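Just so we're on the same page: letters track the sequence lines, and every chain starts at 1. From a predicted model like this one, the values you see are computed outputs, not experimental measurements.
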2 protein chains.
Amino acid sequence: MNLDKFFKAKSIAIVGVSQNPSKVGHVIFRNLIDSGYKGDIFIINPNTKEILGYKSYKKIYDIKNEIDLAVIAVPVDLVFQVLEDCNKKRVKNIIIVTSGFKEIGNYQLENKIRNFLIQNKIDMIGVNCLGVLDTYTNVDTLFLPRFRLKRPPKGGISFISQSGAVGSTILDLAAKNDYGFSKFISYGNATQIDESDLMDYLINDKQTKVICMYIEGVVDGKKFIETAKKATRKKPVLVLKGGITEESNTATISHTGSLAGDAAIYKGVFKQTGIIQVSTMEEIFDYSKLLENSIKPKGRRIQVITNGGGFGIITTDSIIKNDLVLAELSDSSKKILKKNFPPIAQIHNPLDLLGDANTERYKLAIETCMNDSNIDIILVIALLQTPLVTVDIVDVITELNDIKKKPIIVVCTGGNFTQVLKDSLEENGVPTFTFPENAVKSINSLVDYARK
Amino acid sequence: MNLDKFFKAKSIAIVGVSQNPSKVGHVIFRNLIDSGYKGDIFIINPNTKEILGYKSYKKIYDIKNEIDLAVIAVPVDLVFQVLEDCNKKRVKNIIIVTSGFKEIGNYQLENKIRNFLIQNKIDMIGVNCLGVLDTYTNVDTLFLPRFRLKRPPKGGISFISQSGAVGSTILDLAAKNDYGFSKFISYGNATQIDESDLMDYLINDKQTKVICMYIEGVVDGKKFIETAKKATRKKPVLVLKGGITEESNTATISHTGSLAGDAAIYKGVFKQTGIIQVSTMEEIFDYSKLLENSIKPKGRRIQVITNGGGFGIITTDSIIKNDLVLAELSDSSKKILKKNFPPIAQIHNPLDLLGDANTERYKLAIETCMNDSNIDIILVIALLQTPLVTVDIVDVITELNDIKKKPIIVVCTGGNFTQVLKDSLEENGVPTFTFPENAVKSINSLVDYARK
């Protein structure tokens, strides 16, 4: 199964484009125009001649050009007829956004569609989904207006989501925080193409560095396990599993028509295949950012460098709670630091640079830790509110991070002034966090992934 | 012990104001000028005549006016002499920001200071601290420049912090997110005034609705327990305990000279006294916001209303994980909703309003839940990216929330467009969250507090 044309389509036909700008088909059409998509766009609506200057076709097979991808956004009772039209036109890649199938008990029609697709060798994402977004080619079938839901910039995170809302709101939040994404796929009921097919495609996608998934139920367990094993050998895979309690199982059936199944079995599968299971939406966000940007650590020994004593303590507590290890500075490191630091500084882990720490003191501390073979990961807490930390701390940390010797993770807690410096670090590829506990949990996922 | 003058001082003398704008004393002086503080400011520096247009005194007792509060920011070896000067001037309220006492093993000087304070009936916050901030009176002794560390607006949260950095960076973050604070106190080594004295003061402070604390070690256990019991009867008290692992205990000694002690004992004390123990900095943020703004729920039965199926499922999982209860809609509620909602809508918990939900549908759902005696708390997930949710959803939810019948908590996940509406809700006193899991955890703390 080659899904290239879903993301790299040179021509897209949207079937069911209304004149009404708030209708799904129209929103998709308009988004595609606005997205910067370079291919040809065709629209099908038998009741009109033209929309937004584009000719409207009666049937998809009236179009002369080859159609790489068709997006079906017609009412549920017209879907099958449109599918037959697409087949007549020999369209091999289809997204059906329409809902009203097995998620409301309409298994018959969904099965009929599946059989038709298999018979005619057509690949289909959907039904009951948002479809795809590719930030590199600007293919965008999300029926959410771009002013309400911003699209994130280009980057290395790809997201496969059984729920359109969970995935798309994360995209929107990512856009706000300037996190780069590569591909987003909302696959809904997984009538034919399922989560494993999509994961499989992303394994060899060069623009994808980290695969994130939101799953309620898996269609084919064996296929999922095999694909996941293959995937995690090449890149990190994060999964948020929805429906891990009995109470939410009823909801998953009416949502995407899937059985959520036993949470313990899923947990076992994730562990066995090397998937990192996250437990909150925020963790997807935090972990994927770190996994995308950081090099792999050699072990789990962390050295904490801080200019706030309380932060050192909170971070230490968090390291121990997460079963990570506090590194022990080597004797030669201790010697260097003792010689250069004020006598009251505690040369220890956490290494407290004190409230009067300046940028130079940070530089010496990080450099020393980079050369210390007792240390695998350097966690820098830089409270930028203190007067002696100058703004060139961004350059200092960036330069040291660029050596790519050990993962350097930075915590900056604060308001607008801090945010500016934090954003600069992020732009330079240094992973940063607002809260130390989130940083440590994310480091734990990085260590888990690196150990495989 | 009446601590009023620390927050409502009509005159403040700063001892140790350098000409150098990056020195601690100078920063405090300048911040106080910039803060909008209405009282008189005096400065003491024997080596100069004037700084920023203010006359500089040689000794504090050279000042003719009465001094309500003295802030001591001189080097450690001069502190005791300055203290004697203050006593000569009969100053009864002092903040000592200077460090270099028991946190580096200098117990002798700290004990000498304590004895002097007791003998002369002087109240002192410090040593080794940032002092206080009162957003209502603008008393501000934090030696962090206001452009680097913003001060939050007026509000109902007060924060007592053993660590200056932990407390002040949270203030800064609060300022960015527009969360209102009342008082902030960084008390450092607790040489004389300790965490219990400060908590005791806030019990009867009308501007304080929620007391938050960051504590490494408690000075007097019995006093703490008695004060906490008294406090939690009147308002919620949240505590983040630093040093809950053996590994971080060494760090607490060198930080504020305190013994962190056994985490299990502290946990027991917090439980016994009705304190809500949080485990992360983010939780302080989330919980205090909800506890400040929400009315008390009658029980723990939550109804989830959503326009995204996946969000309903994630939220349900989170409710069960937090030992909260999914409410069961009454028959009459079900009847109303069935009659008015599309036939495919599942009248259930979570109540999925579907992707085409409009503001009217939200209104009917929330109203119905407010009148349903099976429901204690209404958790509304409003994904504002969907085209049919109009911006007047802010007014609709605000009006329903203003009835103050049941707690209404709103989750809005997304980017800039969402943020604008989310901020409007917050301004109107509706507690909102970005992630459903954070909302549910915070509701748990609200339920715990209400049950007492």
For [X], is it the side chain, the backbone, both or neither that has a heavy atom under 4.5 Å from a heavy atom of chain B?
X: F435(A); value: side chain
X: D356(A); value: neither
X: S279(A); value: both
X: I104(A); value: side chain
X: L240(A); value: side chain
X: E246(A); value: neither
X: S163(A); value: side chain
X: E247(A); value: both
X: P343(A); value: neither
X: I313(A); value: both

Next item on the list: Please state whether the side chain, the backbone, both or neither of N177(B) comes within less than 4.5 Å of a heavy atom of chain A.
Entry: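 Nothing of N177(B), per the 4.5 Å heavy-atom cut-off to chain A.
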Notebook entry, point to check: Which answer fits P436(B), side chain, backbone, both or neither, if we ask what part of it has an atom under 4.5 Å from a heavy atom of chain A?
Noted result: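 Contact with chain A is through the side chain of P436(B) alone.
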Could you tell me which non-hydrogen atom of [X] sits nearest to which non-hydrogen atom of [Y], and how far apart they are?
X: K176(B); Y: N416(A); value: CG-OD1, 3.4 Å
X: E282(B); Y: E282(A); value: OE2-OE2, 2.5 Å
X: F417(B); Y: F147(A); value: CB-O, 3.5 Å
X: P387(A); Y: F143(B); value: CG-O, 4.3 Å
X: D172(A); Y: Q385(B); value: OD2-NE2, 2.8 Å
X: D317(A); Y: S248(B); value: OD1-OG, 2.6 Å

Next item on the list: Determine whether V166(B) and T413(A) make a side-chain contact, defined as any pair of heavy atoms from C-beta on separated by less than 4.5 Å.
Entry: no
Next item on the list: Give a yes or no on whether K321(B) atom NZ has more than 12 heavy-atom contacts from other residues, nucleotides or ligands under 6.0 Å away.
Entry: yes
Check: Above 12 or not: heavy atoms from other molecules or residues under 6.0 Å from CZ of R146(B)?
Finding: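 Check passes, neighbour count above 12.
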Next item on the list: Count the heavy-atom pairs under 4.5 Å between each of G355(B), A165(B), C412(B) and chain A, then report the option with the highest count.
Entry: A165(B)
Note to self: Between T280(A), L144(A), T418(A), L149(A), who has the most heavy-atom pairs with chain B when the cutoff is under 4.5 Å?
What the structure shows: T280(A)
Note to self: Using a 4.5 angstrom heavy-atom cutoff, name the option from L388(A), T316(A), T169(A) with the most pairs to chain B.
What the structure shows: T169(A)
Next item on the list: First locate atom CD1 of I314(B), then atom CD of E216(A), and finally report the distance between them rounded to the nearest 0.5 Å.
Entry: 8.0 Å
Note to self: Rounded at 0.5 Å granularity, tell me how far CE in M281(B) sits from OG1 in T315(A).
What the structure shows: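 That separation rounds to 9.0 Å.
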